[in-house]
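Take a look at the structure set out below.
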Amino acid sequence: MPNFKQIESKWQKAWEKSKIFQVKDSSKKKKFYVLEMYPYPSNFGLHMGHAFNYTLGDIQARFKRMNNYNVLYPMGFDSFGLPAENAAIKAKSHPKKFTEKAIKNYIKQMKELGLSYDWSRIIETHKPEYYKWDQWIFLQMLKKGLAYKKEAPVNWCPKCKTVLANEQVHNGKCWRHENTKVEVKNLNQWFLKITDYADELYEGIKKLDNWPELVKKLQTNWINKSYGTEIIFKINNKSWKIFTTRPDTLYSVTFMVISAQHPKLMSIVTEKQKKEVEKFVKKLSSVSEEDLDKLEKEGVFTGSYAIHPLTKKKVPVYTGNFVLASYGSGMVMADAHDQRDLEFAHKHKIPLIAVLKPKDGEAEDPNKTKKAFTGHGILINSGKFNGLTSEKAKEEITKHLTKLKLGKNTINFRLKDWLISRQRFWGTPIPIIYCDKCGTLPVPEKDLPVKLPDTIKLTKTESALENYKPFVETKCPKCKGKAKRETDTMDTFANSSWYYLRYTDPKNSKEIFNKTKANYWNPIDLYIGGKEHACMHLIYIRFYTKFLRDLKLLNFNEPAKKMFNQGMLQGPDGQKMSKSKGNIILPETVSKKYGIDTARLFLVSIANPDKDINWSKDGVEGSLRFINRIFNKKFKIGKSSKKTQHKVNSTIKQVTKYIEELKYNLAVIKIRELFDSFEDEISKKDLEASIKLLSPFCPHIAEELWEKIGNKKFISIESWPKYDSKKINPEIDTLDELISNTIKDVNNIKNLVKTKPKKVTISVSEAWKYSIIKKIKKEMEKDYDISRIIKAVIDKTHTKEISKLVPMFVKNPKKLPEIVLTQEKELKALKENISKFEKEFKLKIEIKKEDPKASPGKPSILFE
RNA sequence: GCGGGUGUGCCAGAGUUGGUCAAAUGGGCCGGACUUAAGAUCCGGUAGCUUAGUGCUUGCGCAGGUUCGAGUCCUGUCACCCGCACCA
């Protein structure tokens, strides 16, 4: 077994010293930007799942580097976040301490994985040099009216003591505390107006050609653009807008439902109903929007009536728990053609009117049926719109409303504005100052960054900044009087929304990044990360990209050309790795036992990298066996046989293609087959090419072998081998097959005779091919089904070329393909391999040519 | 409820313009070689029936269909997994 530890550290040091992975911002070479989503530096360190993730990118980076690309492959840390803050609170300390310790450990571990990052470009989001630019972006958004403050019902996690974005609430529970119910609370919060970009974000998805379909679908559903109609209802003489996708059911509206969380709800509640409504709202206050669905559809009458815009009838307005305050306008018109509305109406004994009938039937009485007719149909009970189809009626009714100025066509999105305020310490401070005289003011750009205090010791969960006078107390930038700082910090997703740009110019203190550099490297050519980020990070990063483009800083529209979602690495038990299950595999342990190259090789050879995979001890040992085999093999440098040349060249071709497609598992198979096919003697060039193929997967071992065969420079910066198509000869594979069949024959016969013959005569027979022809002729004479004839041909010849001739057979069954007899070639191949045979069987072997016209019934191998 | 995905041999997992698929590769298991022995290593086997065979049969969740031909396309069905969630 190679001394992995020694080899690994030798090359890791050499790489670091030589700075071969550092990259310049311009080059004659084509650029390639590979990026993995940067991690949160947890104090538990990296586990094998991270190793898998980063290996995927590293292989690509190494591959592209060898293919003469100028490769940007950086790494950084998403170092703001709750765990460090919580740890600090527990230890009555500063989160920076924990964070930087964790980062140090991460870097060490990453280097031990042999990842070829350009460490000179490291970014850490908790550093003022970085988050200064978070604040700068915020100020730009403020200028453009994209950052604003408003009071809104927000999700409040009592454990984090902070507000969560909708996207951070999972099933009504906090995303970090699975058992903590999210409460609803009204607070004054900062929002980013991502909805201004909703349409572009939505339409742009279609152009993300190399993004996984899954991510695209999830984003499409998340943003959810829907075309509909805005209709104005009058309540107590005030206009209330509602949004509907079904204006064709307008005549069916017999009541309205307003969200129980609507900010203006109380304004329409009458004195008489006040008590009941308040009771109802209070009951719901501990339930988040996302949790509402678990409740039964409930509601109470507000006491007010709305005027139907067309019939002018009075319809009662209810408040209900099934209407979202944040979608549309927070109020819906309710009718007989919606299941929820129907159920609600039945419960509250509200009469319903059917206005649609099926195209081929009669309408059911909605007051009696339990199932609403929700499809499209023909309008009835709808005044002058009777007889129209739903589709037509949607248009006509909207047109009519537009004329009356009571409605219009509109587009609605499900996507909500992004709430970025966090009442936490360990985040980017929002650069805002509040002055009693001058109001809310942005921190002047020259005063950035607004730094987090370094000296503070955290003791409580609540916002430490709020209670820390040296931070809060400041001067008003306008009147120079006493003023207070904003104490909210930003969601960490703000940091990660543009980090990829900072890698291109990480040390710039004058500007967010140099435009030329950022535009040279971007967009990212390959972005690797988990699919769990489909709806949050991957939408935010697109949003920021578009915003910075609109500031004329970027000349592209989307952050990444290609996105790749890696699968999850699960423990040996097939379960998600977790501390509680005790199934976490650490790179250190594995590396010590098998070497990190073995682990890298194993991780990518289990399955396609986008599949979830299981760690397996037996499996990794298989990879170890392979590495041992090639490491210990003694190569005689000389001349490659035709066969070796063929294998090397065809493997180069296939492996190159597979790596490009990120089908690493298939690439590894081909590499294994290549090394296993080697004969004793091989040319230096072929051997070098083979080691190069291995190098992105097993960089340390490859460097070692490279040196062992007498090379001085690093294989990591050598150029990728090119195949010579002239040396690829598929016939060699066919002959190989024939030979292995012959071996099988010999073995079979050996087993049968159970004695050790001294001499074997193998005659290469083409008899079977004759037998096919015979068979075909026979079948034809019998006037058999043509399909059987063709099947016979295909089964026997196994050549694609012939299968392509099938249509010809169908047209003209008499014209049989001419089967080329390759007896001469087979003989030759066997002769070439005779020594191998003799060694294999410990026999004397004699090869005899058989009469090609001999009957197919004769044995082709004779023993003496 | 809506949307998405998956279902292949003892196991993991390849396999999309339908045709070299009884099914890559790895693991496991069985046998052989080597060895005093074990391990490592190397070789062979691993659906069933056969065999002198490069033969036959069955076969990729289940049931049908299209086709000369289907793991691959279509329809239905079952199972599991994941995302979103009262979207008006």
Side-chain angles (χ1 to χ4, degrees), chain A residues 1 171 213-214 217-218 220-222 224 226 228 242-246 249 257 289-290 292-295 297 320-324 326-335 337-341 343-344 412-414 531-532 534-535 574 602 605-608 611-614 616-623 625-626 628-629 632 663 665-666 668-670 672-673 730 733-734 737-738 741-745 747-752 765 767-769 771-772 785-791 793-804 806-807 809-810 840-842 856-861:
Chain A
M1 198 154 94
N171 296 324
E213 286 306 313
L214 178 72
K217 264 174 200 150
L218 290 172
T220 305
N221 292 340
W222 191 264
N224 191 25
S226 54
I242 65 102
F243 174 79
T244 180
T245 53
R246 294 297 301 271
T249 65
V257 185
E289 280 193 355
E290 279 68 21
L292 286 176
D293 65 307
K294 301 222 169 68
L295 301 174
K297 286 146 197 63
N321 61 1
F322 61 96
V323 177
L324 290 178
S326 50
Y327 184 77
S329 53
M331 174 149 48
V332 297
M333 61 182 214
D335 54 66
H337 298 286
D338 181 285
Q339 189 59 35
R340 284 161 303 160
D341 295 352
E343 283 170 26
F344 190 89
N412 211 353
F413 294 94
R414 176 190 180 274
K531 44 185 161 284
E532 66 273 19
C535 291
F602 169 64
S605 51
I606 305 169
N608 215 315
K611 287 248 164 82
D612 291 348
I613 53 173
N614 294 349
S616 128
K617 193 178 142 282
D618 289 332
V620 73
E621 280 170 3
S623 295
R625 273 198 283 276
F626 171 67
N628 278 340
R629 217 182 301 147
N632 297 326
K663 291 181 176 169
N665 53 330
L666 300 179
V668 170
I669 288 168
K670 291 295 161 197
R672 292 181 81 130
E673 284 176 352
D733 288 331
T734 316
E737 219 174 286
L738 287 169
N741 282 336
T742 311
I743 294 174
K744 263 186 206 166
D745 289 349
N747 274 327
N748 269 339
I749 296 166
K750 258 170 72 184
N751 283 343
L752 285 171
S765 169
W768 67 275
K769 284 186 181 167
S771 85
I772 297 160
D785 184 12
I786 183 74
S787 67
R788 294 207 49 180
I789 299 170
I790 294 160
K791 187 172 187 310
V793 173
I794 294 160
D795 284 350
K796 306 300 175 186
T797 58
H798 301 290
T799 66
K800 207 162 193 172
E801 288 68 34
I802 289 177
S803 75
K804 279 177 189 160
V806 166
F809 297 151
V810 176
E840 170 97 34
F841 298 119
K842 294 193 172 148
K858 273 189 178 172
S860 55
I861 301 167

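In what follows, chains carry the letters A, B, and so on, assigned in the order in which the sequence lines appear, proteins first and then strands, with residues in each chain numbered from 1.
Here A88(B) is the nucleotide among C87(B), A14(B), A88(B) with the atom lying nearest to any side-chain atom of Thr245(A). With C42(B), U25(B), G4(B) as the candidates, the nucleotide lying closest to the side chain of Glu673(A) is U25(B). Nearest to the side chain of Trp222(A), among G5(B), A85(B), G83(B), sits A85(B). Closest approach to the Asn665(A) side chain among A85(B), A14(B), G4(B) is made by A14(B) (side chain taken as heavy atoms from C-beta onward). In this structure, of A14(B), A12(B), G4(B), it is A12(B) that holds the atom nearest to the side chain of Ile606(A). Nearest nucleotide to the Ala607(A) side chain, out of A14(B), C42(B), G15(B): A14(B). Checking A88(B), C42(B), A14(B) against the side-chain heavy atoms of Leu666(A) singles out A14(B) as nearest.
Side-chain contact of Thr249(A) with Asp335(A): a donor-acceptor pair under 3.5 Å is present, judged by distance alone.
Counting heavy atoms from C-beta outward, Val257(A) and Met331(A) have side chains that stay 4.5 Å or more apart. Side chains of Ser226(A) and Phe413(A) form no contact here, defined as non-hydrogen atoms less than 4.5 Å apart.
Rounded to a whole angstrom, the distance from the C1' atom of U16(B) to that of U54(B) is 29 Å. Using atom P as the reference point in both G9(B) and C60(B), the two lie 9 Å apart (nearest Å). Rounded to whole Å, the C1' atom of U17(B) lies 14 Å from the corresponding atom of A70(B). Using C1' as the reference atom, A38(B) and A52(B) are 40 Å apart when rounded to the nearest Å. A distance of about 16 Å separates the C1' atoms of G15(B) and G26(B), rounded to the whole Å. Distance check on atom C1': G1(B) versus U8(B) gives 32 Å, rounded to whole Å. Annotation: G53(B) and G69(B) have their C1' atoms spaced 25 Å apart (nearest Å). Comparing U25(B) with C81(B), their C1' atoms are spaced 26 Å from each other, to the whole Å.
Here the NZ-CD1 distance, from Lys663(A) to Ile669(A), works out to 12.0 Å after rounding to the nearest 0.5 Å. The CZ atom of Phe602(A) lies 7.0 Å from the CD1 atom of Ile613(A); values are rounded to the nearest 0.5 Å. The structure places CE of Met333(A) at 4.0 Å from OG1 of Thr244(A), a figure rounded to the nearest 0.5 Å. Rounded to the nearest 0.5 Å, atoms OG (Ser623(A)) and CD1 (Ile606(A)) are 8.0 Å apart.
Lys663(A) has its NZ atom 17 Å from the P atom of G13(B), to the nearest Å. Rounded to whole angstrom, the span from the NZ atom of Lys611(A) across to the P atom of U25(B) amounts to 18 Å. Atom pair Asp618(A):CG and C11(B):P shows a separation of 15 Å (rounding to whole Å applied). Between the CG atom of Asn608(A) and the P atom of G26(B) there is a distance of 18 Å, rounded to whole Å. Distance Phe344(A) CZ to A88(B) C1': 14 Å, rounded to the nearest Å. Whole-Å rounding puts the Phe243(A) CZ to C87(B) C1' distance at 9 Å. At whole-Å resolution of the value, CD in Glu621(A) and C1' in G26(B) are 13 Å apart. Per the geometry, NZ belonging to Lys531(A) stands 9 Å off C1' belonging to C82(B), to the nearest Å.
Here G64(B) sits opposite C74(B) as a Watson-Crick or G-U wobble pair (both hydrogen-bonding atom distances under 3.5 Å). Within the shown strands, C2(B) is the pairing partner of G83(B) under the Watson-Crick or G-U definition, both distances less than 3.5 Å. Across all strands shown, G44(B) pairs with C30(B); the Watson-Crick or G-U wobble distances both stay below 3.5 Å. Under the Watson-Crick or G-U wobble criterion, with both distances below 3.5 Å, A37(B) has no partner in any strand shown. Judged by Watson-Crick or G-U wobble contacts below 3.5 Å, the nucleotide C21(B) has no partner.
Of the possible polar contacts, none joining the Arg414(A) side chain to the Asn224(A) backbone as a donor-acceptor pair under 3.5 Å is found.
For A85(B), one of the phosphate oxygens OP1 or OP2 lies less than 4.0 angstrom from a side-chain nitrogen or oxygen of Arg414(A).
In terms of heavy atoms, Leu218(A) sits closest to Ala534(A) at CD1-CB, 3.7 Å.
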With the criterion being N/O to N/O and under 3.5 Å, what pairs connect the protein with nucleotides 38-40 of chain B, and how long is each?
none

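Toward the 5' end of RNA chain B, the nearer of the two residues Arg672(A) and Thr244(A), judged by each one's closest nucleotide, is Arg672(A). Of the two residues near RNA chain B, Asn412(A) and Ile669(A), the one whose nearest nucleotide lies more 5' is Ile669(A).
Salt-bridge formation is not detected for the pair Glu213(A)/Lys217(A): no Lys NZ or Arg NE/NH1/NH2 atom is positioned less than 4.0 Å from an Asp or Glu carboxylate oxygen.
Residue contacts for Asn224(A): at a heavy-atom cut-off of 4.0 Å it reaches a base atom on one of the strands shown.
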